[in-house]
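Taking it in order: structure first as C-alpha cells, then the write-up.
In each ligand, atom 1 is the first atom listed, and ligand 1 is the first ligand listed.
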Amino acid sequence: MAADKVVYLDNNATTMVAPEVYEAMAPYFTELYGNPSSMHSFGGQVGVAVDRARQQIGALLGCEAAELVFTSCGTESDSTAILSALKANPDKRHVITTRVEHPAVKNLCENLGVMTGTKYRVTMLKVSEDGMVDFDEYVKALTEDTAIVSIMWANNETGVLFPVPEMAKAAKERNILFHTDAVQAVGKIPINLQELDIDYLSMSGHKLHAPKGVGVLYVKRGTAYAPFMTGGHQEHGRRAGTENVASIIGLGKACELAAAKMEEENTRVKALRDKLENGLLTTIPRSILNGNKEHRLPNTTNISFEYVEGEAILLHMNRYNICASSGSACTSGSLEPSHVLRAMGVPFTAAHGSIRFSLSVYNTEEEIDFVLEKMPAIIGQLREMSPFWPGE
Ligand SMILES: *Cc1c(COP(=O)(O)O)cnc(C)c1O
C-alpha cells in the first residue's frame, strides 16, 4: 500500500462524491446556470433536470417524485417533518422517539418547548444491550395524545436497524404520524415507500456519494405539511429558496448509482466488513462488538477495545492514513462517551475505546488487510502505556 494512500473507513460521517456524480453536476456550474424558476427556456431546461433528479430519487425510494421536497441537509428534513406534524396536531402534546437518535432528532426533541413555545411530553424509548428497541414497549407508548413518532431506520454509530416498517404500521393503525430518519439506510438497504405506512422520511446527499448540503424530505401524498422557511414558491411552496441545482442533479445520479450498487453493498462490502470485524475480534483480546449482529447495515461495525481511549486509537490510525470515528463525528470534541453506547449500557471502560468503521463500495480487500495488519500493534502499544490495563 502506498504510504500516502488514505484508507477511508468513515463513510457514515460522509462519503466521497462519486466520479459519475461529479461529472453529472459539472455542467450546472458552467453552461447550465439558469434559475429553474425562470420563464425562459434557458432556466426551464434546468427545471427539467431538477425534475429528472426527483424521478431518480423516487425510483430508489419507491415513491412518486411529487412526494419529495429538496432541502439543504438531513437535519433540515428531520426538523421540517417533526415540526410539520406538531403544527398539524395542535391539540396533541406527546412525541415518541428513541434514546439513540442522531443529534438532528435527539436535540430537537429535547428542545421542543423552546422551538415551539409549547410544552411536550417526549418518550425516549430505551434500547437493549445490543441496541434494539422493545416493540411491545413501543406499542404501549402510542397514545391518543401522540402527535408524531420519529424513529431512525439505521443507527449511524452502530448500524443497527430498527423494525421501521412494523413500527410505522402500528402508528398508522392508531392514526399517528410516523417519521423516520433514514439518512444512513437510503442506498444501503432496499426501501419501497409505496408499500409502507411511513408519512415522512429524511435522507441526505453526502451519506450516499452525493455532495454535502443537499437533502430530501419524503412527505406521503395527503400527509400534513408545514414549510420550515417562508419565501418564494419553489418546491410548490413547500421549501422556499432557489434550489441547490448542481447538488440536486448530483443526488439524483447518486440514487441511480446506489440502486445499481445495492447488490454489491450487500455482498462484497458486507463481506469486507465481516472480514474486518472478525479479524479484529479474533486478533485483539478484550475487543467487543457493539450492536446487534443480525439487524444491521452491511457497511458498519462498531468495536470497543477495552482500556484504551478512542481518540488515542484514532491518532495512531491517522499515522497510517486510516480514517474511522470514535463515537460520532458530531459528538467528538467532548470526552463523554457517545449517547448511543451509553443508552446501550456499554461499560465505561469499553465505551471510551469504541471505534466505528464504516465502509463503502470504494473500499478494497487490500485496504482491509492493511488495517488488520496495523490494528493489533496500535491497540497493544496503547495498552502497554495504560495504568488500567489488567492484562489479557
Ligand atoms: C448524517 C446524519 C444526519 C444529518 O444529516 P446532515 O445532512 O449532515 O444534516 C441525520 N441523521 C443521521 C442518522 C445521520 O447519519
(Q) Considering both backbone and side-chain atoms of Asn156, is one of its nitrogen or oxygen atoms within less than 3.5 Å of a nitrogen or oxygen in ligand 1? (A) no

Q: Just say parallel, tilted or perpendicular for the rings of His352 and Phe348, cut-offs at 30° and 60°.
A: perpendicular

Q: List the closest protein heavy-atom neighbour of atom 6 (P) of ligand 1: residue, atom name, distance to the nearest 0.1 Å.
A: Gly74 N, 3.5 Å

Q) What is the closest protein heavy atom to atom 7 (O) of ligand 1, and at what distance does it sit? A) Ser204 OG, 2.6 Å

Q: Give the numbers and elements of all ligand 1 atoms closer than 4.0 Å to a heavy atom of His206.
A: 6 (P), 7 (O), 8 (O)

Q: Would you mind running through ligand 1 and noting each atom that sits below 4.0 Å from a heavy atom of Cys73?
A: 6 (P), 7 (O), 9 (O)

Q: Please confirm whether His209 and Tyr362 have ring centers closer than 6.0 angstrom.
A: yes

(Q) Are Tyr33 and Phe42, when compared by the centres of their aromatic rings, separated by less than 6.0 Å? (A) yes

Q: Give the C-alpha distance, both sets of side-chain angles, the deciding distance and a yes or no for salt bridge (charged side-chain N to carboxylate O under 4.0 Å, His left out) between Lys270 and Glu265.
A: CA-CA 6 Å; Lys270 184 170 185 282; Glu265 181 89 36; over 6 Å; no

Q: Supply the atom-to-atom distance Cys323 SG to Phe357 CZ, rounded to the nearest 0.5 angstrom.
A: 11.5 Å

At a non-hydrogen distance cut-off of under 4.0 Å, which region of [X] contacts ligand 1 (side chain, backbone, both, or neither)?
X: Thr75; answer: both
X: Lys212; answer: neither
X: Glu76; answer: neither

